[in-house]
Amino acid sequence: NAGVMQNPRHLVRRRGQEARLRCSPMKGHSHVYWYRQLPEEGLKFMVYLQKENIIDESGMPKERFSAEFPKEGPSILRIQQVVRGDSAAYFCASHVGGGSYNEQFFGPGTRLTVL
Amino acid sequence: GENVEQHPSTLSVQEGDSAVIKCTYSDSASNYFPWYKQELGKGPQLIIDIRSNVGEKKDQRIAVTLNKTAKHFSLHITETQPEDSAVYFCAPISSGSARQLTFGSGTQLTVLP
């Protein structure tokens with residue numbers, strides 16, 4: 001059973017370009033979280049999605065950032081018109097859903113560098 | 001929202017000694033308390049977790065203790081080994097609808113051979 005997969009692992013963009021980060025959850029998992037990690041810091045929640053639904057996007061900047069989790073295919077985190085401050089590691093985590101708590105399994109992350 | 005504080009920020013121990021990391025949280029409705037280990041260049045890996053109806057849980061050399069009254073939980077690693085060197089994060093779950101993890105600032109553990 002493959003774990004959470006993310007690609008690309010490293011992404012370099014120039015200011016003003018778009019960045020697309022992809023996340024494939026573990027098999028059987030229908031819930032995905034995206035987190036951002038700045039250097040020397042803990043991960044910060046961005047958005048929580050189920051298949052075809054955004055459940056909570058309270059941690060995501062209102063502009064330039066969007067996320068989706070279509071019925072088929074991976075979850076996508078999209079950053080438009082990137083700026084240097086977007087440079088960070090972006091992690092997705094998946095869980096099976098349901099229950100009173102959720103054990104989240106993390107992918108290896110995408111390290112975005114904005115030049 | 002949840003406020004999480006983790007101490008210490010760095011910890012160096014001799015191989016074979018024990019290490020203890022403490023995490024305090026603010027949301028009294030939190031009911032799930034995991035610890036994650038993050039190695040350089042990798043994603044966080046769940047190493048142990050505890051639910052609010054249990055005070056202690058142990059898995060070989062790793063244990064977690066929970067004090068819900070005081071709103072803190074601790075990670076205990078015994079007989080430390082060099083491969084235990086990593087950054088450790090506590091991440092109590094929020095009581096909100098998203099049930100997202102709120103990460104502490106991390107503890108850099110170095111096990112000296």
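Residue numbers start from 1 in every chain, and the chains themselves are labelled A, B, ... in the order their sequence lines are given, proteins ahead of strands. Reckoned from all heavy atoms, side chains included, excluding hydrogens, waters and symmetry mates. If you're wondering where the values come from, they're calculated on a predicted model, not measured in any experiment.
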Would you please indicate yes or no on a ring centroid separation below 6.0 angstrom for Tyr35(A) and Phe103(B)? yes

When you compare the side chains of Tyr48(A) and His31(A), does any donor N or O come within less than 3.5 Å of an acceptor on the partner? yes

Do we see a donor-acceptor contact under 3.5 Å between the side chains of Gln37(A) and Gln38(B)? yes

Which members of residues 66-76 of chain A, sorted by number, sit under 4.5 angstrom from chain B on a heavy-atom basis? none

Can you say whether Pro34(B) sits under 4.5 Å from chain A via the side chain, the backbone, both, or neither, judging by heavy atoms? neither

Would you say the side chains of Thr65(B) and His76(B) form a donor-acceptor pair under 3.5 Å? yes

Residues that Arg9(A) engages under side chain to side chain donor-acceptor pair (under 3.5 Å), provided they are two or more places apart: none

Decide if atom CZ of Arg15(A) counts as having more than 12 heavy atoms of other residues, nucleotides or ligands within a radius under 6.0 Å. no

